[in-house]
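All ligand and atom numbering here is 1-based and tracks the order in the structure. These numbers come from a predicted model, not from an experiment.
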Amino acid sequence: MTANLIKDGVYSVGAVDWNERHFHGCTYITKRGVTYNSYLIIDEKITLIDTVRKGFEKDLIENIKSVVDLSRIDIIIINHIEPDHSGALPEILKLCPNAEIYGTEKARQGILKYYGIYGSWISVKSGYSLNIGKRTLDFVDMSMIHWPDSMLTYSAYDKILFSNDAFGQHYATSKIFDDEVDFAALMDEAQKYYSNILWPFNMLITAKLSTIKKLNLNIEFIAPSHGFVWRRYISEIMQKYAYWASHSCQNRVAVVYETMWNSTEKMAKKIVEGINSEGIEAALFDVTKNDRPDIISYMLDAKGWIFGSSTHDGEILPVISGFLHFLKGSKAKGRKSFVFGSYGWSGEAVKEIENTISDITSLEPSLRVVFSPSDEELKKCFEAGKSFALKIKN
Ligand code: FEO
């Protein structure tokens, strides 16, 4: 890779992680890889915005060097301390030890804890402006979107919003801009990113979008720290964020299940048939065969969520158990659900699922069958799906 010009004096100098498949531990399967974007501004004071993940320092250093010697960096801005953005900071600081670092006070504390250093740190918050020559950089607090330290940086001169995690997508690419990639694939990754990382912060995001609107920023580019830079589809992604953050839903249903001997699966398929009979879209997800981020992404704006599990040793099956605990973190609102499953002699799984999700969805009566569903029981599954679809429509 090399430095890529965003506009006069502003370069993208980050790294591409083509082979990353398990981001955030195993919480996010990144089928298209990941980028760690970092931006270099050439002005009277040379400024680096964010770094990259540890292990990619060489890429970052080489990319910066293709524009300017690192010893000339005057300022480093840390919009967010998570290690995918701050991991290279210790190595970078060795090459520009006199650089001043700007970030929130929470970021300073976090950097100290992670790396045992924080250099010449200046703590900033919303309203703080930093003049670097022709440009003045403004900082906007983004606390808890999605970490306590988060902030974003705006350059009015360039009309660029350096948004860090916000508006990101996990999409390894040698291209830079949103209009250089298939639009549907781009939005698919943006939705997956929102649903798997930002969904729990819907309320704060709604408030922050309103704050940003009031600031009346003139934005020609949104430069996130993952994926493509937005320049053509800025209003589209802003509208999508407002929509996702509002807990809005479509009349469609996700049926998510795990099965031992296909009995729970038979129930799931019949429930889907019942839903479809009322003209409502439903998607069937066996949690052992689909990637969790894909299911979560579909569920982001699906009004109906139906869950099924066989009972094993008096417990819910393990993969859907982990799935539901992850989903619970979404703090979703306004969903309708019911739970189903087959069992041999005790059947605790259904109750266990209900207990797990009762905070984030309203529950309709459950369906349980012993061993394999009979024709009569399958008919009940169909009717349950049909009746659920009617409730979704209303
Ligand atoms: Fe991309 Fe919160 O780190």
Are there more than 12 heavy atoms of other residues, nucleotides or ligands under 6.0 Å from atom NZ of Lys386?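 Correct, the count exceeds 12.
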Tell me which N, O or S atom of Asp84 sits nearest to atom 1 (Fe) of ligand 1.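 In Asp84, the heteroatom (N, O or S) nearest atom 1 (Fe) of ligand 1 is OD2.
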Mind reading off the angle at atom 1 (Fe) of ligand 1 between the OD1 atom of Asp165 and the NE2 atom of His226, rounded to 10°?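 So the angle at the metal works out to 90°.
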Whether Thr104 side chain and Asp149 backbone form a donor-acceptor pair below 3.5 Å: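 Yes.
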Honestly, is Arg292 close enough over Phe323, meaning NZ or CZ under 6.0 Å from the six-membered ring centre and within 45° of the axis?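 Pair Arg292/Phe323 does not count as cation-pi.
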Checking salt bridge (charged side-chain N to carboxylate O under 4.0 Å, His left out) between Asp158 and each of Arg135, Lys134, Lys7, which is the one that passes?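 Option passing the salt bridge (charged side-chain N to carboxylate O under 4.0 Å, His left out) with Asp158: Arg135.
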Let me see the working for Ile296 and Trp199 under side chain to side chain contact (heavy atoms under 4.5 Å, CB included), right down to the final yes or no. CA-CA 10 Å; Ile296 295 283; Trp199 191 355; 3.9 Å; yes
So, of the N/O/S atoms that His80 has, which is the nearest one to atom 2 (Fe) of ligand 1?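 It is NE2, the N, O or S atom of His80 closest to atom 2 (Fe) of ligand 1.
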Taking both backbone and side chain into account, is any N, O or S atom of His85 nearer than 2.8 Å to atom 1 (Fe) of ligand 1?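 It does; at least one qualifying atom falls short of 2.8 Å.
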Using atom 2 (Fe) of ligand 1 as the vertex, how large is the angle between OE1 of Glu82 and NE2 of His146, rounded to 10 degrees?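 Angle OE1(Glu82)-atom 2 (Fe) of ligand 1-NE2(His146): 90°, rounded to 10°.
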